[in-house]
Participant: 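Before anything else, here's the structure in question.
For ligands, and for the atoms within them, numbers begin at 1 and follow the listed sequence.
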Amino acid sequence: MLSFPPGFLWAAATAPQHVEGQNFNSDWSEWEQLPGKIKNGDSSRVACDWWGGRWREDLDRAQTLGMNAQRIGIEWARLEPQPGQWDAEAAKTYRDIITGIRERGMEPFVTLHHFTSPKWVAAQGGFENPEVAQWAARYADRAAREYQDLVTYWITINEPNVYAAQCYFFGLWLAQKQDPPAAFRVLKNLIHAHAAMYHAIKRVQPDAQVGYSHHWRVLEPLNDNAPLDRLMAGLYSRILNNVFFTAVHDGVVQFPVGWNGKIPEAKGTQDFLGVNYYYQEHVAFDISSPGDLFGRRVVGPDVERLHRYFEGAGNLDPGAFYRLLLQLKQSNKPIYITENGFVETDRDDQIRYMVTHLQAVYQAVQAGVDVRGYFWWSLLDNFEWSEGYTPRFGLYHTDFETQVRTARTSAQLYERIVRANGIPDDLAAQYPLKN
Ligand code: BGC
């Protein structure tokens with residue numbers, strides 16, 4: 001058996017817009033109603049009906065699998081529907097949910113911002129407006145006062161790099177701008193917001209463990225011996241992976257072009273690294289793509305098939321996950337894998353993904369990387385942003401007509417791993433790390 005350290009946290013992750021439904025005050029809820037935004041015209045209006053109370057049965061499921069932690073989010077748009085106005089009823093519902101997590105023997109990890117903002121924030125320019133840092137800090141302060149008796153682990157912002165890229169660089173979500181200077185401005189404001197939220201929580205709750213969830217994309221040269229491929233992979237990786245990370249690590253912001261400088265209050269504003277990892281991509285130099293800074297992302301032959309299930313799929317290479325974790329060892333911070341997961345397909349991709357990626361985590365732990373927890377994305381099939389209900393990341397299948405959940409093989413397998421606090425030999429033999 002490949003055993004994990006005692007006390008290792010085994011969990012799953014969700015976020016408000018994915019599961020709650022009836023979230024009428026967020027910018028996403030408004031935007032998704034515009035024609036053509038969401039695949040098949042789906043809407044997050046009902047989602048997994050957590051706001052209707054189904055969080056109870058889903059947390060029961062997590063408990064049944066033996067999990068000892070759970071990641072959820074709280075929704076800024078519900079708690080502060082108007083500037084400075086706190087919604088006591090919404091706050092009470094989240095108190096019930098977080099208490100429900102604790103009552104089921106699980107440690108709550110609570111995210112404050114997972115891509116969605118109140119409409120009033122969006123109406124004032126959202127994260128393009130530098131004032132957003134103060135607003136976010138006021139919200140974080142209030143949330144910490146409200147739940148400090150229940151929550152130790154706070155995640156300020158989920159995947160700031162993805163948010164900036166999707167909304168302001170690729171023009172896909174919400175603000176839908178293809179405007180690199182705006183994307184860098186937004187990233188800078190996200191750094192300020194994270195730092196302000198970190199300090200706000202620590203003022204209320206000095207013992208809290210505060211971090212953010214960073215989306216890591218392993219971007220490697222298509223041809224290791226081609227200097228231009230190496231250059232492009234390095235550039236892409238710097239933009240996507242390193243700008244935010246470095247700012248939070250040492251307070252220095254280094255954009256490849258444009259503004260560079262210091263945000264001293266951001267330095268050291270994380271007590272742990274929240275790592276979201278999904279897949280790897282190769283990068284090649286391409287003279288014909290100036291709009292993409294002369295780079296091209298190249299994915300393997302399997303990807304076309306995987307795209308039928310999840311548009312975002314890149315190369316599923318658990319070795320890349322291992323290499324990433326080894327690199328992060330240098331930060332000397334505890335690491336929680338706050339998201340890792342894959343969709344159910346017509347093959348056994350989901351369980352293969354789970355067992356091989358957990359072996360990568362195991363190897364990293366063996367190599368001295370301080371990984372303390374693993375959160376599978378996601379507990380159940382849910383509303384997956386602009387792809388609606390098509391990609392199915394859940395340990396549980398959700399029938400969105402009837403709201404009936406059915407355990408997948410991945411749930412059974414995860415339960416075996418969780419209860420053993422390790423990967424049983426037969427699973428490791430069936431899904432070897434290298435094949
Ligand atoms: C996001 C989740 C999302 C997942 C799968 C992550 O980047 O944090 O909200 O569902 O990817 O696409």
Participant: Of Trp31, Trp28, Trp173, which is the lone residue that meets side chain to side chain donor-acceptor pair (under 3.5 Å) with Ser386?
Facilitator: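 Exactly one option meets the side chain to side chain donor-acceptor pair (under 3.5 Å) with Ser386, and it is Trp173.
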Participant: If only side-chain N and O atoms count, and only distance matters, is there a donor-acceptor pair under 3.5 Å linking Asn241 with Ser237?
Facilitator: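 Short answer, yes.
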Participant: Output a table of donor-acceptor pairs, distance under 3.5 Å, between side-chain atoms of residues 119-128 and any protein atom two or more places apart or on a different chain; print 'none' if there are none.
Facilitator:
{"residue": "Lys119", "atom": "NZ", "partner": "Phe24", "partner atom": "O", "Å": "3.0"}
{"residue": "Trp120", "atom": "NE1", "partner": "Glu80", "partner atom": "O", "Å": "2.8"}
{"residue": "Gln124", "atom": "NE2", "partner": "Trp120", "partner atom": "O", "Å": "3.2"}
{"residue": "Glu128", "atom": "OE1", "partner": "Lys177", "partner atom": "NZ", "Å": "2.7"}
{"residue": "Glu128", "atom": "OE2", "partner": "Lys177", "partner atom": "NZ", "Å": "3.4"}
{"residue": "Glu128", "atom": "OE2", "partner": "Arg185", "partner atom": "NH2", "Å": "3.1"}

Participant: I'd like to know whether the aromatic ring centres of Phe109 and Phe375 sit less than 6.0 Å apart in this structure.
Facilitator: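 Phe109 vs Phe375: aromatic centres under 6.0 Å.
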Participant: So, is the end of the Arg61 side chain (NZ or CZ) under 6.0 Å from the ring centre of Tyr396 and within 45° of the ring's axis?
Facilitator: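 Yes, a cation-pi geometry holds between Arg61 and Tyr396.
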Participant: Present, as a list of atom pairs with distances to 0.1 Å, all nitrogen or oxygen contacts under 3.5 Å between ligand 1 and the protein.
Facilitator:
{"residue": "ligand 1", "atom": "7 (O)", "partner": "Glu159", "partner atom": "OE1", "Å": "2.4"}
{"residue": "ligand 1", "atom": "7 (O)", "partner": "Glu159", "partner atom": "OE2", "Å": "2.9"}
{"residue": "ligand 1", "atom": "8 (O)", "partner": "His114", "partner atom": "NE2", "Å": "3.2"}
{"residue": "ligand 1", "atom": "8 (O)", "partner": "Asn158", "partner atom": "ND2", "Å": "2.9"}
{"residue": "ligand 1", "atom": "8 (O)", "partner": "Glu159", "partner atom": "OE1", "Å": "3.4"}
{"residue": "ligand 1", "atom": "8 (O)", "partner": "Glu339", "partner atom": "OE1", "Å": "3.1"}
{"residue": "ligand 1", "atom": "8 (O)", "partner": "Glu339", "partner atom": "OE2", "Å": "2.9"}
{"residue": "ligand 1", "atom": "9 (O)", "partner": "His18", "partner atom": "NE2", "Å": "2.7"}
{"residue": "ligand 1", "atom": "9 (O)", "partner": "His114", "partner atom": "NE2", "Å": "2.8"}
{"residue": "ligand 1", "atom": "9 (O)", "partner": "Trp385", "partner atom": "NE1", "Å": "2.9"}
{"residue": "ligand 1", "atom": "10 (O)", "partner": "His18", "partner atom": "NE2", "Å": "3.4"}
{"residue": "ligand 1", "atom": "10 (O)", "partner": "Trp377", "partner atom": "NE1", "Å": "3.2"}
{"residue": "ligand 1", "atom": "10 (O)", "partner": "Glu384", "partner atom": "OE1", "Å": "2.6"}
{"residue": "ligand 1", "atom": "10 (O)", "partner": "Glu384", "partner atom": "OE2", "Å": "3.3"}
{"residue": "ligand 1", "atom": "12 (O)", "partner": "Glu384", "partner atom": "OE2", "Å": "2.6"}

Participant: Looking at Asp381, Asp348, Asp349, which hits salt bridge (charged side-chain N to carboxylate O under 4.0 Å, His left out) with Arg408?
Facilitator: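 Filter result, single survivor: Asp381.
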